[in-house]
Amino acid sequence: MSRPVVDFAPLGVSSHPAAGVRSGRRGAKPGGSLRRVLVANRGEIAVRIVRACFDEGIESVVAVSDADRDSLAARRADTVVRIGPAAASASYLDVGAIVGAAILTGCDAVHPGYGFLSERPELAAECARVGLAFVGPPAEVIRRGGSKIGARALARSIGVPVGEGSDRAATAEDAAEAATRIGYPVLLKASAGGGGRGMIRADTPAGLRAAFTSAAREAEAAFGDGTLFVERWIGNARHVEVQVLADTHGAVIHLGERDCSAQRRFQKVVEEAPASALPEALRADICAAATRLAKALDYVGAGTVEFLVDVDRGDYSFLEVNTRVQVEHPVTEMITGVDIVREQLRIAAGRPLSITQDEVRLTGHAIECRLNAEDAAAGFLPTPGRIERWTMPEGAGVRVDTHCFDGWTVGPHYDSMIAKLICWGGDRPEALRRMDRALARVAVEGVATTAGIARDLVRHGDFRANRINTRWIEDRFLPQWRTNRGEEHGVQVG
């Protein structure tokens, strides 16, 4: 049953009567603890943060839009506060509403989750201005880490390999010059964002200018910043990222790496840890590089340093820093036993990490499949609607992170991800077998989901043999899948 909802009228923080509170009145209490945390997000990550707060003995306040007043996070939180209508621009993306709601409900910290405002320095800066602890890095670190151009320069300065490309904001003419120097194809990338937005491949000089205009427009719309740079296209690449944790006492550690090569349109589909296809020497180099870069950034909190591994060359290059908890953090938790969100809360309270680098142990293998409310056969068209039946697998080594339940309505306002299915095994083959069985037991009625195609993916011979790259889903798996579906049903698929 949901909690009574406190209604915060988004007046803007500066005009709210509680906005004059300054440092010393809020934030972590003496002794390194938080009392009440505002969860400035929705969906499964909001549920995840509420659970971590409960485990730490911290009260949770969930900020909800009108669409989420009866969400699972709202049902489990200690307090619920309304921050605006369903549109994200008027609720979850409103810095004034978020900070004002935290003040109104007596919070001493704000956890942004991922997406929305999690990598916007404006939220971290406003929290600092009014004396709220921000569960993440300081605003200046978010700015430096969030700029891909700036992060590339920093990485190069400390000896971390950086891919060939432009080292500054590019005009269309700069991009053409860089592409000629590097050689086609190239990738145009937004400096300020991620998630595949503002990222377009250009194969020829003729196509570069149109691609540049399109990528800049998309980046401006998504991130408010149309700055682009150019990067060498790696045809046979694996996407490897390293989970880092850093506290305010100078400790910086890594929790191993993840392989996120199974992607569609630059969006991750399946993630696993560790990256078992990596040679041990390369794995050690990548993890060490991630730690060096986090130290150079003066990083605080949980973050991820991402790399591309050129399979043909056998080397790697820095991609970007994500200054937040990642969607795929559960696979790292499953092989390390470290609760990353609880570590975030400890760090925000000024406490040291609960684990040292020497104490980190990687055990077994974990795989995560993202489940979306989408119709894969119809080109992954979103399928909003009411969930009439919601049955998820259970058992040893199986974890489900979700915000859905019988009767929940998947609306059209937000991302279509409805669950993450995570399976652990003593080794990769066992984890794959467990994932296969778990996906077969997903039963959802009322909306279409991607559980079926996810099962087809993890059962594919290439995936089982670890013979994939970042283009494998689009270049090999999906064409085969569409052909097989068409033959099976006698129709044209996708």
Side-chain angles (χ1 to χ4, degrees), residues 1-13 16 18 34-54 58-118 120 122-123 126-127 130 132 134-136 324-325 327 341 344-345 373 384-387 390 401-420 447:
M1 185 174 182
S2 60
R3 302 286 193 267
V5 178
V6 177
D7 196 357
F8 169 75
L11 302 171
V13 175
H16 194 277
L34 298 173
R35 181 178 55 86
R36 185 176 296 146
V37 172
L38 182 87
V39 182
N41 215 296
R42 65 172 308 278
E44 60 84 19
I45 190 59
V47 177
R48 173 74 182 86
I49 298 166
V50 168
R51 186 176 79 234
C53 287
F54 177 83
I58 299 170
E59 294 179 37
S60 58
V61 179
V62 169
V64 299
S65 72
D66 288 339
D68 290 324
R69 292 172 71 103
D70 193 38
S71 66
L72 188 57
R75 293 180 176 207
R76 293 186 176 177
D78 294 295
T79 304
V80 181
V81 57
R82 175 190 175 273
I83 53 170
S89 59
S91 52
Y92 297 110
L93 290 172
D94 187 331
V95 173
I98 295 295
V99 176
I103 293 171
L104 178 69
T105 54
C107 292
D108 43 27
V110 173
H111 196 310
Y114 56 71
F116 291 135
L117 293 171
S118 62
R120 300 284 183 90
E122 295 84 2
L123 177 59
E126 191 61 25
C127 285
V130 300
L132 289 163
F134 180 73
V135 186
R324 53 172 167 80
V325 68
V327 176
V341 180
Q344 286 187 293
L345 295 170
R386 178 183 169 87
I387 295 174
W390 179 261
D401 283 16
T402 186
H403 61 286
C404 295
F405 51 88
D406 288 346
W408 173 249
T409 297
V410 179
H413 310 289
Y414 312 113
D415 183 86
S416 62
M417 190 173 72
I418 53 177
K420 301 183 309 197
V447 299

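In what follows, residues are counted from 1 in the order of the sequence shown.
- In this view, R120 satisfies the salt bridge (charged side-chain N to carboxylate O under 4.0 Å, His left out) rule with no residue, not counting sequence neighbours.
- When all heavy atoms of V80 and A74 are compared, the closest pair comes out as CG2-O, 3.4 Å.
- Looking only at side-chain heavy atoms (C-beta outward), L132 and V99 come within less than 4.5 Å of each other.
- Distance alone, capped at 3.5 Å, is enough to place a donor-acceptor pair between the D406 side chain and the W390 backbone.
- Contact record, P112 with N41: O-ND2, 2.7 Å, taken as the closest heavy-atom pair.
- Distance check: F134 CZ to L123 CG gives 5.0 Å after rounding to the nearest 0.5 Å.
- To the nearest 0.5 Å, atoms CG (D108) and SG (C127) are separated by 11.0 Å.
- Closest approach of S65 and S91 over heavy atoms only: CB-OG, 3.7 Å.
- In this structure the side chain of V6 reaches within 4.5 angstrom of the side chain of T79, judged on heavy atoms.
- Cation-pi geometry between R48 and Y114 is not satisfied (NZ or CZ under 6.0 Å from the ring centre, within 45° of the ring normal).
- When every heavy atom of G115 is checked against every heavy atom of R324, the shortest pair comes out as N-CD, 4.1 Å.
- Atom CG of D68 and atom NE2 of H403 lie 7.5 Å apart (nearest 0.5 Å).
- One finds the CG atom of L345 at 4.5 Å from the CD1 atom of I58 (value rounded to the nearest 0.5 Å).
- With contacts defined as side-chain heavy-atom distances shorter than 4.5 Å, the pair D66/R82 qualifies.
- The OG atom of S71 sits 12.5 Å away from the CD atom of E44 when rounded to the nearest 0.5 Å.
- Shown here is F405, whose CZ atom has more than 12 heavy atoms of other residues, nucleotides or ligands within 6.0 Å.
- Among residues two or more places apart in sequence or in another chain, the side-chain hydrogen bond (donor to acceptor under 3.5 Å, both in side chains) test is passed with R36 by E59.
- Atom OG1 of T409 is separated from atom CD1 of I387 by 8.0 Å, given to the nearest 0.5 angstrom.
- Summarising the geometry of I418 relative to T402, their closest heavy-atom pair is O-OG1, 2.6 Å, with the distance given to 0.1 Å.
- A 4.5 Å side-chain heavy-atom check between V64 and R42 finds every atom pair outside the cut-off.
- Using a 30° and 60° split on the angle between ring planes, Y92 and F116 fall in the parallel class, below 30°.
- When all heavy atoms of G113 and I45 are compared, the closest pair comes out as CA-CG1, 4.0 Å.
- Side-chain atoms of R386 come within 3.5 Å of backbone atoms of G407 as a donor-acceptor pair (strictly under, hydrogens ignored).
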Check the pair I98 / E126 against side-chain contact (heavy atoms from CB on, under 4.5 Å), numbers first and verdict last. CA-CA 10 Å; I98 295 295; E126 191 61 25; over 6 Å; no
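- D78 places no side-chain N or O within donor-acceptor distance of the main-chain N or O of V61, the cut-off being under 3.5 Å.
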